[in-house]
2 protein chains.
Amino acid sequence: MTVTAANSEVLIRCGECPIRVQAVCAYCGPSELVSLDEIKSYKTYKPGETIVWAGENLTVIGSLVKGIATLSRSLPDGRRQMVGLLFPSDFIGRTGKRVAPFDVVATNEVVICQFRQPQFDQLIKTTPSLERRLLDMTMDELDSAREWMLLLGRKTAREKIASLLAIIARRTMALSAASPRDGVAFELPLTRETMADYLGLTIETVSRQISALKKSGVISLRDSRHIVVPDFIRLLDEAGDDSDGGFID
Amino acid sequence: MTVTAANSEVLIRCGECPIRVQAVCAYCGPSELVSLDEIKSYKTYKPGETIVWAGENLTVIGSLVKGIATLSRSLPDGRRQMVGLLFPSDFIGRTGKRVAPFDVVATNEVVICQFRQPQFDQLIKTTPSLERRLLDMTMDELDSAREWMLLLGRKTAREKIASLLAIIARRTMALSAASPRDGVAFELPLTRETMADYLGLTIETVSRQISALKKSGVISLRDSRHIVVPDFIRLLDEAGDDSDGGFID
DNA sequence: CCAGTTATTTGATTTCGATCAAAGCAAAAG
DNA sequence: CTTTTGCTTTGATCGAAATCAAATAACTGG
């Protein structure tokens, strides 16, 4: 299990955490070692596999260690809306709820560090700083979800695509410490269908708008999954919003 | 300040709380009285008044005591999306954030029980159960926001209207303990414009779809603000979803 | 009660994105 | 190498909701 603070400080680390091996609670000070090994168990999911079914019993509680998973809900006739993306260090499940409100689906090979509910509750109770951190993370997610509501409710297809690309570009830039006016290149971690389900659009519209942005010179494509953004500011402009959305932040 | 638990148990009550007068923390047991009077202050806002401006310094932290407020964000060209409704007992603001992410606007006359940031942080630190409660509330809001994303991204105009009416009808029924097959009557607390901003629609479409639902016999109107739902199940059906959304739950 | 806003409804038309349809492409399977 | 399969692009058409426009209804303050 990995919990990353706002300032990127690592609070608790698991054995299979990609960053480090020791289980340490940084909040409680380095002196306080949390023995997670007894209460956690790792589970691996194949690409496309459903980790949690909406409406079913919510048994999984823990955090994503490796891979990317999607949170989504579907209407009876199949219309689907993605409502969140889970990256390593994000939580799955929640305390005090019996029924899962959303589907959780693995896009890659996903590894989850899973806890038993009573033991996780205990861990939270005995680690106030963890609860505080959980609260902050949840509030951030809430802000992101609401930001996304603005996109879903009011943005045009072109603005939706630009917003999504901007968010991914921003992630990439943050990692490479590039400036906004530099070119950014990245690989789309999503299929056109997933993008469509995210943005409340159809596959065809996604494809068309990407083509349109290409024709306008806002982006260029090496292949369908590799995007190059020559001018990030220009892309932000197309997103319609002054700020950057930040759904996947 | 009023914090209501999932089971409707009241945790902390302020002087002007509509339910009771004493300031009591029920979680910490009735023995533990929380002296809120020294750190809180009441503020009243007129209908239409903006309590918090998105992008500006977030100074308000506290909870809504009376009235209804909306949470919204706008695009530079004026397109607006409502992202939440605040009812009495709901929180405004959050710890550890300098800039307000959304506008908070009073629809009625609104009374807010306001705290100073450092003192509120202190209150949270010394009241672990309060933090736990805050976490639960925030997670519920997150689930609701995501549910709303499904509506915004994938539902038709008719389904959107039906969903909103169903949520309000459900609230009304819960208060009157009526059964789903009974008729429900309620007053819309929102203008057509507010509804439109909520649902990601225009005023005209809202009006048209309400007329259409009336013509289909799903609802009837005494006047534009007073809705009668003869068969709640029928309305739920029109909402497209099996479950009830619950955005305003 | 009336003039003057401010909501709401209804109608006509347009437009953006969905739908229907088919072709191109690339990776995996045989 | 060819076939299959899944993903993506592009084209033609359709339709739901937006936009433009105007009438009606409801509320405001004088």
Side-chain angles (χ1 to χ4, degrees), chain A residues 46-48 70 75 77-81 105 107-109 151-165 187-216 219-227 238 240, chain B residues 46-48 70 75 77-81 105 107-109 151-165 187-216 219-227 238 240:
Chain A
K46 281 186 270 293
T70 59
L75 293 172
D77 63 1
R79 282 173 284 171
R80 192 160 66 120
Q81 179 64 48
V105 181
T107 62
N108 311 105
E109 169 148 315
L151 176 144
L152 289 173
R154 292 301 186 194
K155 288 192 178 179
T156 65
R158 187 183 176 103
E159 288 168 337
K160 286 178 174 180
I161 297 287
S163 299
L164 181 60
L165 295 181
E187 186 185 348
L188 276 177
L190 312 162
T191 67
R192 296 288 185 267
E193 187 178 19
T194 311
M195 294 176 72
D197 283 344
Y198 236 106
L199 301 168
L201 298 172
T202 59
I203 310 174
E204 296 95 323
T205 300
V206 170
S207 180
R208 268 186 258 274
Q209 294 302 331
I210 289 180
S211 297
L213 285 173
K214 188 173 65 176
K215 199 186 266 181
S216 308
I219 60 173
S220 59
L221 306 187
R222 183 166 306 282
D223 63 57
S224 66
R225 297 292 191 89
H226 289 86
I227 308 275
E238 292 282 352
Chain B
K46 280 186 270 292
T70 61
L75 293 171
D77 63 3
R79 282 173 284 171
R80 193 160 67 118
Q81 178 64 49
V105 182
T107 62
N108 311 103
E109 169 147 315
L151 177 145
L152 289 173
R154 292 301 186 194
K155 288 192 179 178
T156 65
R158 187 184 175 102
E159 289 169 337
K160 286 178 174 180
I161 297 287
S163 299
L164 181 60
L165 295 182
E187 185 184 348
L188 274 178
L190 313 160
T191 67
R192 295 288 185 265
E193 186 178 18
T194 310
M195 292 176 72
D197 283 345
Y198 236 108
L199 300 168
L201 298 172
T202 59
I203 309 174
E204 296 93 325
T205 299
V206 170
S207 180
R208 268 186 258 273
Q209 294 302 331
I210 288 180
S211 298
L213 286 174
K214 188 174 65 177
K215 199 187 267 183
S216 308
I219 59 172
S220 59
L221 305 187
R222 183 166 307 280
D223 64 56
S224 66
R225 295 294 190 88
H226 288 85
I227 308 275
E238 292 283 350

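So that the names make sense, note that chain A is the first sequence line, chain B the second, and so on, each numbered from 1.
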What closest approach, in Å, do B:Gly240 and B:Glu159 show between heavy atoms, and which atom pair accounts for it?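 Minimum heavy-atom contact is CA-OE2, 4.0 Å.
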Per [X] side chain, nearest of listed nucleotides [options]:
X        : options               : answer
B:Leu221 : D:dA17, D:dT9, C:dT9  : C:dT9
B:Leu201 : C:dG17, D:dA18, D:dT8 : D:dA18
A:Ser211 : D:dT8, D:dA17, D:dT10 : D:dT10
B:Thr156 : C:dG17, D:dT8, D:dA17 : D:dA17

Would you say the side chain of [X] and the base of [N] hold a donor-acceptor pair, judged only by whether the two atoms sit under 3.5 Å apart?
X        : N      : answer
A:Arg208 : D:dG11 : yes
A:Glu204 : C:dC20 : yes
A:Arg158 : C:dG17 : no

Is any side-chain heavy atom of [X] less than 4.5 Å from a side-chain heavy atom of [Y]?
X        : Y        : result
A:Leu188 : A:Leu165 : yes
A:Asp197 : B:Arg154 : yes
A:Leu199 : A:Thr205 : no

For [X] and [N], what is the distance between atoms [atom1] and [atom2] respectively, to the nearest whole Å?
X        : N      : atom1 : atom2 : result
B:Met195 : C:dT8  : CE    : P     : 9 Å
B:Arg154 : D:dA16 : CZ    : C1'   : 15 Å
A:Arg192 : C:dG24 : CZ    : P     : 19 Å
A:Arg79  : C:dG17 : CZ    : C1'   : 15 Å
A:Arg222 : D:dT9  : CZ    : P     : 16 Å
A:Ile203 : C:dA22 : CD1   : C1'   : 15 Å
B:Lys155 : C:dA18 : NZ    : P     : 18 Å
B:Asp223 : C:dT6  : CG    : P     : 21 Å

Checking all strands, does [X] fall into the base, sugar-phosphate, or nothing category for heavy-atom contacts under 4.0 angstrom?
X        : answer
A:Arg225 : sugar-phosphate
A:Thr202 : base
B:Ile210 : nothing
A:Ser207 : base

Are A:Ser224 and D:dC7 close enough that a side-chain N or O sits under 4.0 Å from OP1 or OP2?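 For D:dC7, OP1/OP2 do not have a side-chain N/O of A:Ser224 under 4.0 Å.
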Exam field: side chain A:Arg80 to backbone A:Tyr198, donor-acceptor pair closer than 3.5 Å: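 No; zero donor-acceptor contacts below 3.5 Å.
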